[in-house]
There are 2 protein chains.
Amino acid sequence: MAATIKDIAKKAGVSMSTVSLVLNRKGYVASETKQRILSIMQQMNYKPLRSARKLATQKTGNIGYIIWEGHFSEVEMFYSQVFLGMEYAARKNDHYILLTTVKEEFDPKENLPRFLRYNDVDGVALAGRVPHALIEYLDHQHIPFVLIDYELPGKNYNCVKIDNYNGAFRAMESLILSGRKNIAFVGGTYFHPSIKERYRGYKEALEKYNLINNNYLEKNSYCEEAETSRAIGEKGAIKLLGKNPAIDAVFCCNDTTAMGVISGVQKYGKKIPGDIAVIGFDDIPPAEFCTPKLSTLRVPKLVIGKEAYKLLCELNDNPNMAPQTRTIAVDLIVRESSYSESKGN
Amino acid sequence: MAATIKDIAKKAGVSMSTVSLVLNRKGYVASETKQRILSIMQQMNYKPLRSARKLATQKTGNIGYIIWEGHFSEVEMFYSQVFLGMEYAARKNDHYILLTTVKEEFDPKENLPRFLRYNDVDGVALAGRVPHALIEYLDHQHIPFVLIDYELPGKNYNCVKIDNYNGAFRAMESLILSGRKNIAFVGGTYFHPSIKERYRGYKEALEKYNLINNNYLEKNSYCEEAETSRAIGEKGAIKLLGKNPAIDAVFCCNDTTAMGVISGVQKYGKKIPGDIAVIGFDDIPPAEFCTPKLSTLRVPKLVIGKEAYKLLCELNDNPNMAPQTRTIAVDLIVRESSYSESKGN
DNA sequence: TTGATTTATCGAAACGTTTTAATATATTCT
DNA sequence: AGAATATATTAAAACGTTTCGATAAATCAA
């Protein structure tokens with residue numbers, strides 16, 4: 001039914017090889033013949049058949065994108081955006097991105113994504129925290145992979161990460177320079193490396209401006225939970241305000257938590273940003289629409305996806321490249337929740 | 001490097017055909033030989049090569065999943081969940097689901113997703129509102145497709161839809177039976193068929209209980225906008241309360257809008273659900289975590305995806321099947337925003 | 001016992017590409 | 001001019017499956 005290379009070749013009076021060469025922009029072909037072939041392709045509405053191509057080249061043409069089920073199912077638009085960034089970038093090289101989820105309790109023998117079970121990807125992107133058993137599996141099978149927004153302490157894997165430290169530091173500086181002195185940190189677990197880095201930015205900014213006195217950190221940080229969520233943000237805010245009524249700003253480990261903090265602070269009867277300034281991290285879409293609008297660090301999610309894709313491509317071209325880490329900068333977006341004018345000084 | 005059918009055949013002392021037959025559970029093969037082949041496959045860690053398979057069978061093994069860019073990028077977890085439902089279902093038949101987005105201003109000549117440009121899918125799911133030009137393109141090219149949560153008036157396409165009418169009707173009944181009498185509707189545009197149906201459920205429930213007097217509907221509905229969003233919900237709520245202070249409940253066209261309505265009502269100084277009950281539609285994840293927790297109609301998103309996938313498979317098996325519509329039932333979830341005890345009667 | 005049917009296996013062609021090595025011609029370098 | 005090199009084209013093999021039709025043995029029906 002559909003036209004094949006053979007049909008084109010016949011009609012153009014050349015061999016299949018020549019057609020293939022123009023298709024792939026390779027080798028030498030007279031510009032006159034090239035034009036003729038091109039126009040015949042157009043005219044016959046020729047589409048190269050992917051499976052035949054892939055069979056001949058021994059490439060799969062697929063990139064896997066794996067995300068923990070919980071992250072995709074919940075309010076995490078973050079990784080969907082990163083996915084889109086990859087998808088956009090992959091359009092140029094004609095890769096398909098295969099999105100799938102894995103469960104927390106992951107066993108390579110049982111729940112291996114199909115595209116891994118059948119060796120059907122040229123590389124894999126791992127979005128956020130994923131089971132370590134999965135990472136080890138990929139490493140062991142020598143399947144190229146990159147971690148996105150996640151790192152394994154002690155291990156040296158390819159990785160695209162956010163500049164968590166500097167982002168946090170800048171957010172803190174903006175709070176400090178606008179006169180806030182008792183700045184709390186509300187985060188989920190320290191377990192997540194990104195959050196660890198954000199906390200480090202928090203701490204070192206305080207140190208730089210000599211704001212830390214005796215038990216400042218204990219009084220002002222809430223990091224007891226294993227996850228991050230709105231509910232946890234709310235709980236954390238209320239708990240901290242109970243411990244230390246002097247708090248005049250909160251830096252949150254991410255926007256989701258920040259939204260919870262906002263409602264916690266409001267329930268507590270304090271005004272934002274008048275009494276308390278709040279800054280989140282990530283710039284998820286609701287940040288712009290909640291009340292008050294949330295100040296935050298904008299993470300360029302599409303860029304992250306694109307960078308991860310590029311890294312995977314390089315890995316394909318050069319399989320024994322040394323593992324590298326690419327760090328993506330973030331922008332401080334000041335919205336209502338931390339306008340400095342609102343603080344009375 | 002990797003084992004092929006040939007290797008298996010040689011080791012088992014049979015022909016490639018026989019190996020292929022056991023691989024595909026087809027034809028006759030002695031159970032003894034079958035076992036032998038199976039165990040050799042195991043032992044040699046044999047994985048059939050997808051591209052070779054697809055080339056031979058002339059199937060792509062892919063299903064496209066197309067969503068409007070705005071829907072995926074914004075706070076719409078809805079269609080991501082539907083995607084997951086498809087992904088889960090597709091695992092059994094070994095289809096890959098290729099997720100991509102299209103822009104609003106869509107031109108088949110320009111922005112056709114790659115998998116369509118290269119005829120590289122066995123079918124396509126269209127999630128939510130998508131450009132009509134795209135639908136027409138698919139129809140014209142005879143590519144099997146199903147619309148998800150969207151319909152074209154007058155056209156008879158394959159479609160998996162939510163039972164919008166009955167859901168709305170039941171929500172309204174619960175409000176009415178708990179004593180609410182002035183029930184508003186806040187929706188986006190009537191343009192979207194789902195919202196139209198929800199509005200119809202709203203209206204007919206009012207009619208059944210004889211609540212409609214002279215200009216009840218004009219006074220109580222806000223449907224002027226082209227989109228739905230939190231901001232629009234807020235605006236709508238405030239506008240309606242200005243027109244009609246007697247309003248004691250709001251049925252919203254979806255949860256996103258409902259969250260806006262909640263903040264609008266609160267800004268207006270009314271209590272939820274004491275003064276005003278609110279019910280949304282969709283049961284997106286934040287519905288459970290906002291304050292007050294939002295009553296809503298739970299749409300089984302995974303089921304929708306699964307059903308869409310099954311429909312596409314049937315379409316593949318039987319290409320000239322008559323177009324059909326599958327309607328998925330919804331459940332009313334009563335949470336804080338419409339507890340009936342809270343209304344003082 | 002014969003002929004039909006079912007069960008079991010296989011050889012070879014087909015699917016639509018890419019790629020290698022060969023051939024032929026044209027161009028450039030001494 | 002001759003050698004080297006660049007340009008242009010091709011035939012044929014390869015990629016790893018599935019499937020068609022053939023063949024043959026085993027089972028069944030009469």
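Bear in mind that the values here come from a model prediction, so they are computed numbers and not experimental data. Here is how names work: the chains are called A, B, and so on, in the same order as the sequence lines, proteins then strands, and each is numbered from 1.
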Do [X] and [Y] get their side chains close enough for a donor-acceptor pair, meaning under 3.5 Å?
{"X": "Thr60(B)", "Y": "Asp122(B)", "value": "yes"}
{"X": "Arg91(A)", "Y": "Thr100(B)", "value": "yes"}
{"X": "Ser20(B)", "Y": "Ser17(B)", "value": "no"}

TODO: Could you tell me whether Glu104(A) and Arg129(A) make a salt bridge, using a distance below 4.0 angstrom between a side-chain N and a carboxylate O?
DONE: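 Counted as a salt bridge, because a side-chain N and a carboxylate O are separated by less than 4.0 Å.
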- [ ] In plain terms, say whether Glu136(B) and Lys155(B) are close enough for a salt bridge, that is, a side-chain N and a carboxylate O under 4.0 Å apart.
- [x]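 Answer for the salt bridge query: no.
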Take atom [atom1] of [X] and atom [atom2] of [N], then tell me their distance rounded to the nearest Å.
{"X": "Lys59(A)", "N": "dT17(C)", "atom1": "NZ", "atom2": "C1'", "answer": "16 Å"}
{"X": "Lys54(B)", "N": "dT19(D)", "atom1": "NZ", "atom2": "C1'", "answer": "15 Å"}
{"X": "Ile5(B)", "N": "dG16(D)", "atom1": "CD1", "atom2": "P", "answer": "11 Å"}
{"X": "Lys26(A)", "N": "dT10(D)", "atom1": "NZ", "atom2": "P", "answer": "18 Å"}
{"X": "Lys6(A)", "N": "dA14(C)", "atom1": "NZ", "atom2": "P", "answer": "8 Å"}

TODO: Kindly state which residues belonging to residues 42-50 of chain B come within less than 4.0 angstrom of DNA chain D, counting heavy atoms of the residue only, listed by number.
DONE: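 Under 4.0 Å from DNA chain D: Tyr46(B), Lys47(B), Pro48(B), Leu49(B).
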Task: Those residues that, when tested against Tyr96(A), pass ring-ring contact (aromatic ring centres under 6.0 Å, His included) (two or more places apart) - done: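 Not a single residue meets the ring-ring contact (aromatic ring centres under 6.0 Å, His included) criterion with Tyr96(A).
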Show me, pair by pair, the donor-acceptor contacts under 3.5 angstrom made by side chains of residues 303-313 of chain B, not counting sequence neighbours?
from: Glu307(B); atom 1: OE2; to: Arg326(B); atom 2: NH1; distance (Å): 3.1
from: Tyr309(B); atom 1: OH; to: His95(B); atom 2: ND1; distance (Å): 2.7

- [ ] For Asp149(A), check salt bridge (charged side-chain N to carboxylate O under 4.0 Å, His left out) against everything at least two apart and list the hits.
- [x]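 For Asp149(A), no residue satisfies salt bridge (charged side-chain N to carboxylate O under 4.0 Å, His left out) once neighbours in sequence are set aside.
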TODO: Report the residues that fulfil salt bridge (charged side-chain N to carboxylate O under 4.0 Å, His left out) with Asp120(A), sequence neighbours left out, ordered by chain and then residue number.
DONE: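 Salt bridge (charged side-chain N to carboxylate O under 4.0 Å, His left out) check on Asp120(A) returns Arg50(B).
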Atom pairs under 3.5 Å, N or O on each side, protein against nucleotides 22-29 of chain D: can you list them with distances?
none

Task: Residue pairs involving residues 107-135 of chain B (criterion ring-ring contact (aromatic ring centres under 6.0 Å, His included); sequence neighbours excluded) - done: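 Every candidate ring-ring contact (aromatic ring centres under 6.0 Å, His included) pair involving residues 107-135 of chain B fails, so no pair, neighbours aside, qualifies.
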Task: Pair listing, ring-ring contact (aromatic ring centres under 6.0 Å, His included) test, anchored in residues 3-52 of chain B, at least two apart - done: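 For residues 3-52 of chain B, and leaving out neighbouring residues, there are no ring-ring contact (aromatic ring centres under 6.0 Å, His included) pairs at all.
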Would you list the atom pairs, donor with acceptor, under 3.5 Å between side chains in residues 32-41 of chain B and any protein atom, with sequence neighbours excluded?
from: Thr33(B); atom 1: OG1; to: Ala30(B); atom 2: O; distance (Å): 2.8
from: Arg36(B); atom 1: NH1; to: Ala12(B); atom 2: O; distance (Å): 2.4
from: Ser39(B); atom 1: OG; to: Arg36(B); atom 2: O; distance (Å): 3.2

TODO: Look at all strands and tell whether Thr4(A) reaches a base, only sugar-phosphate, or nothing, counting heavy atoms closer than 4.0 Å.
DONE: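 The answer is sugar-phosphate, as Thr4(A) gets under 4.0 Å only of primed atoms, P, OP1 or OP2.
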Polar atom pairs (N or O), protein with nucleotides 11-13 of chain D, under 3.5 Å:
from: dA11(D); atom 1: N7; to: Ser17(A); atom 2: OG; distance (Å): 3.2
from: dA11(D); atom 1: N6; to: Ser17(A); atom 2: OG; distance (Å): 2.9

Open item on the list: Going by side-chain contact (heavy atoms from CB on, under 4.5 Å), name the residues that satisfy it together with Asn119(A), two or more places apart in sequence or in a different chain.
Closed with: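 Scan of Asn119(A) (side-chain contact (heavy atoms from CB on, under 4.5 Å), adjacent residues dropped) gives Lys47(B).
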TODO: Please figure out whether Gln58(B) or Ala56(A) has its closest DNA chain C nucleotide nearer the 5' end.
DONE: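 The residue whose closest nucleotide sits nearer the 5' end is Gln58(B).
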Task: Contact residues, residues 30-40 of chain B to DNA chain C [heavy atom, < 4.0 Å] - done: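 Contacts with DNA chain C under 4.0 Å: Ala30(B), Thr33(B).
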Task: DNA chain D: 5'-proximal contact among Leu55(B) and Leu21(B) (nearest heavy atom) - done: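 Of the two residues, Leu55(B) wins.
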